[in-house]
Amino acid sequence: MSTSKLNPAESPDKPFQQVKIMGILNVTPDSFSDGGKFSHFDSALIQVETMINDGADIIDIGGESTRPGAAEVNEQDELKRVIPLLKAIKSKFDICVSIDTSKAKVMEESIIHGADVINDVRALQNEGCLAVLAQSSVPVCLMHMQGLPRTMQAKPQYDNIIADIKKFFESRIQACEQAGINKSRLILDPGFGFGKTLEQNYQLLAQLAKFKALGLPILSGTSRKSMVGNLLNRDVTERLSGSLATAIIAMQQGAKIIRVHDVKETVDALKVLQAVAQPTE
Ligand code: 7PM
């Protein structure tokens, strides 16, 4: 798809038809091992093809380095993981690719090699990121996180979770505009699981539509997260039903991009909602 399909202005009369499914491609550190005939690199490409056939509109590469409690990944390792895979996907498939990174150098190289979207859980707060994006024209997802991955789940606290996150978005939108990144390129994500308690995550999901007041498309990422697992007491391999429920609610609340592991099942669930529902205005 073209990046213009991420434009919130398209088909304003048919809001549900513009919901996009972002399929998560997690890249493991040994993606590059070419020892075996069937490497992690090849299996990643097969996973991409499957997600495209299942109805994904965007493939999101990365994510491992941003998980709660994760250690930092160095720049060279991240580049080695992401860039060859990005190049291979763009040469083999006609699909929008998003790169999940917080590093300016990885953003820059990704954009050079055809990335269609930058997805930053640190909302371009790391050094050099605003400048790199200002030199390009790709859309960028600004995610909210309280604290840092290693410690963020320790004791998340908010005065008013919606108002606090809205303030954060407003300040990042302003920083982007000041740096020369047009507001029309921005996507907002409240960052489920990133410095939020179980209860706070569900308060957020219930009120997701409130962020529409900022006039930008909302991305929602709840797939297989602890907010599903801890509520249902389900291991990560048993969170599909709960994840589908959160995807349906997010779409009802007006989210425009739903980030998921299980593309086929989510596409089906959202088609059912699309057949009956009207979004929250
Ligand atoms: C392990 C645990 C691996 C958690 C990966 C994760 C989001 C994101 C991630 C999100 C946006 C995951 C997370 N989550 N980017 N990257 N929004 N925009 O569950 O919610 O994929 S990493």
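Counting starts at 1 for both ligands and their atoms, in listed order. Any value given below was found using the heavy atoms of this structure, including those in side chains, with hydrogens, waters and symmetry copies removed.
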### Message
Under 4.0 Å from a heavy atom of Lys225: which atoms of ligand 1 are those, numbered in the order shown and with their elements?
### Response
7 (C), 10 (C), 12 (C), 14 (N), 19 (O), 20 (O)

## Note on the structure
A student checking ligand 1 against Met143 at a 4.0 Å heavy-atom cut-off should list atoms 10 (C), 11 (C), 17 (N)

### Summary
At under 4.0 Å between heavy atoms, what of Val121 touches ligand 1? The answer is side chain

### Query
Are the charged groups of Asp116 and Lys90 less than 4.0 angstrom apart, N to O?
yes

Please report, to 0.1 Å, the donor-acceptor pairs under 3.5 Å made by any side chain of residues 170-177, with sequence neighbours excluded.
| residue | atom | partner | partner atom | Å |
| --- | --- | --- | --- | --- |
| Arg172 | NE | Ala123 | O | 2.9 |
| Arg172 | NH2 | Ala123 | O | 3.1 |
| Arg172 | NH2 | Leu124 | O | 3.0 |

### Query
Looking only at heavy atoms, is any part of Arg224 under 4.0 Å from ligand 1, and if so is it the side chain, the backbone, or both, or is it neither?
neither

### Message
Show the atoms of ligand 1 that are less than 4.0 angstrom away from any heavy atom in Asp189.
### Response
10 (C), 11 (C), 17 (N), 18 (N), 20 (O)

### Any N/O pair Asn119/ligand 1 closer than 3.5 Å
yes

### Query
Is the number of heavy atoms from other residues, nucleotides or ligands under 6.0 Å of Gln125 CD greater than 12?
yes

### Query
Does the side chain of Lys271 come under 3.5 Å of the side chain of Gln274 through a donor N or O and an acceptor N or O?
no

### Query
Looking only at N/O atoms, are Arg259 and ligand 1 under 3.5 Å apart anywhere?
yes

### Query
So with a 6.0 Å cut-off around CG of Asn53, is the heavy-atom count from everything else above 12?
yes

### Task
Using atom types as modelled and distance alone, determine if a side-chain donor or acceptor of Arg259 lies under 3.5 Å from a backbone N or O of Gly221.
no

